[in-house]
There are 2 protein chains.
Amino acid sequence: MQTKIQELRKLKKVTQNELADAVNVTRQTIISLECGRYNASLILAHKIAQFFEVSIEEIFIFNQEDENL
Amino acid sequence: MQTKIQELRKLKKVTQNELADAVNVTRQTIISLECGRYNASLILAHKIAQFFEVSIEEIFIFNQEDENL
DNA sequence: ACCAAATGTCAAGCGTATTTTACAAAAAAA
DNA sequence: TTTTTTTGTAAAATACGCTTGACATTTGGT
């Protein structure tokens, strides 16, 4: 699962820590999402999308390899 | 977390089993989602949205009580 | 070159989404 | 009414998102 989190974060000039605080998770979680290590929960995805004022589909990129849960 | 899964499913005249098979999860998972027992993963949400040809935001309804992960 | 902030890695643990199996109730069909 | 399909419930096991804490590396400013 790829995401545009890092891209949007740099556009908005926000640090990992600031984003983590804003959506109420650990910095670790942000790092892992940016590095594509695992898939966010739906609610976290929604919070991040809200933070950047875009839709979930605009941030998270689904490819065929993500067919597993 | 409320969803419109049941509503869309009945519109499309699809059984829980058929939907479960289509998105590659157990029928239990569909039941639990329809009953709002827990929150779907992002990928599952995406697959369900794709199945019904709508956006994630059109199916899953986020309310303030979902502020926890 | 130095210092501090930002980013990254690793490993153990907790909570919860999802699976599995088996069975019960309701609805539809015959 | 009987049979089959669909929907629901319950409990135990597994998988994985997320946390915590400690430490390493990179980046930028002075």
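Throughout, protein chains are lettered first and strands after them, A, B, ... in sequence-line order, and every chain is numbered starting at 1.
- Straight-line distance from the CE atom of B:Met1 to the P atom of C:dA17: 10 Å, rounded to whole Å.
- Note: CG (B:Asn24) to C1' (C:dT19) measures 12 Å, nearest angstrom.
- The side-chain hydrogen bond (donor to acceptor under 3.5 Å, both in side chains) check on A:Thr15 picks up nothing, with sequence neighbours excluded.
- A close approach under 4.0 Å does occur between a side-chain nitrogen or oxygen of B:Thr26 and OP1 or OP2 of C:dT19.
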Please report, to 0.1 Å, the donor-acceptor pairs under 3.5 Å made by any side chain of residues 25-37 of chain A, with sequence neighbours excluded.
| residue | atom | partner | partner atom | Å |
| --- | --- | --- | --- | --- |
| A:Ser32 | OG | A:Gln28 | O | 3.1 |
| A:Glu34 | OE1 | A:Arg9 | NH2 | 3.3 |
| A:Glu34 | OE1 | A:Gln16 | NE2 | 3.4 |
| A:Glu34 | OE2 | A:Arg9 | NE | 2.6 |
| A:Glu34 | OE2 | A:Arg9 | NH2 | 3.3 |

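- Residues that satisfy the side-chain hydrogen bond (donor to acceptor under 3.5 Å, both in side chains) test with A:Glu57, not counting sequence neighbours, are absent from this structure.
- Geometrically, A:Lys4 does not engage A:Phe52 in a cation-pi contact defined by less than 6.0 Å to the ring centre and at most 45° from the axis.
- With rounding to the nearest 0.5 angstrom, the CD atom of A:Gln2 is 11.0 Å from the CD atom of A:Glu7.
- The list of ring-ring contact (aromatic ring centres under 6.0 Å, His included) pairs with a residue in residues 7-33 of chain B, not counting sequence neighbours, is empty.
- The separation between A:Ile30 atom CD1 and D:dG17 atom P is 14 Å, rounded to whole Å.
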Would you tabulate the nitrogen or oxygen pairs shorter than 3.5 Å linking the protein to nucleotides 3-9 of chain C?
| residue | atom | partner | partner atom | Å |
| --- | --- | --- | --- | --- |
| C:dT7 | OP1 | A:Arg9 | NH1 | 2.9 |
| C:dT7 | OP2 | A:Thr15 | OG1 | 2.6 |
| C:dT7 | OP2 | A:Gln16 | N | 2.9 |
| C:dG8 | OP2 | A:Gln16 | NE2 | 2.5 |
| C:dG8 | N7 | A:Arg27 | NH1 | 3.1 |
| C:dG8 | O6 | A:Arg27 | NH2 | 2.9 |
| C:dT9 | OP2 | A:Arg37 | NH2 | 2.6 |
| C:dT9 | O4 | A:Gln28 | NE2 | 2.4 |

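- Within the 4.5 Å cutoff, side-chain heavy atoms of B:Ile56 are placed close to those of A:Leu42.
- Taking CD1 of A:Ile43 as the reference point, atom CE of B:Met1 lies at 4.0 Å (rounded to 0.5 Å).
- Rounded to whole angstrom, the span from the CG atom of A:Leu42 across to the C1' atom of C:dA17 amounts to 12 Å.
- Rounded to whole Å, the distance from OH on B:Tyr38 to C1' on D:dC18 is 18 Å.
- Here B:Ser41 reaches the OP1 or OP2 of C:dT18: one of its side-chain N or O atoms lies under 4.0 Å away.
- Regarding B:Leu19, its CG atom lies at a distance of 13 Å from the P atom of D:dG8, rounded to whole Å.
- For the helix from C:dA1-D:dT30 to C:dA30-D:dT1, the terminal axes (five pairs an end, C1' atoms, rotation from four pairs onto the next four) enclose an angle of 50°, given to 10 degrees.
- Judged by a 6.0 Å distance limit and a 45° cone about the ring axis, B:Lys47 is not positioned over the six-membered ring of A:Phe62.
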Nucleotide by nucleotide, 5' to 3', does protein get under 4.0 Å of the base (B), only the sugar-phosphate (S), or neither (-) in nucleotides 25-30 of chain D, counting heavy atoms? ------
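- Evaluation of the side-chain contact (heavy atoms from CB on, under 4.5 Å) rule for A:Asp21 yields no partner, not counting sequence neighbours.
- For the pair B:Leu44 CG and D:dG17 P, the computed distance is 13 Å after rounding to whole Å.
- Applying the side-chain hydrogen bond (donor to acceptor under 3.5 Å, both in side chains) criterion to A:Glu58, with sequence neighbours excluded, gives A:Ser55.
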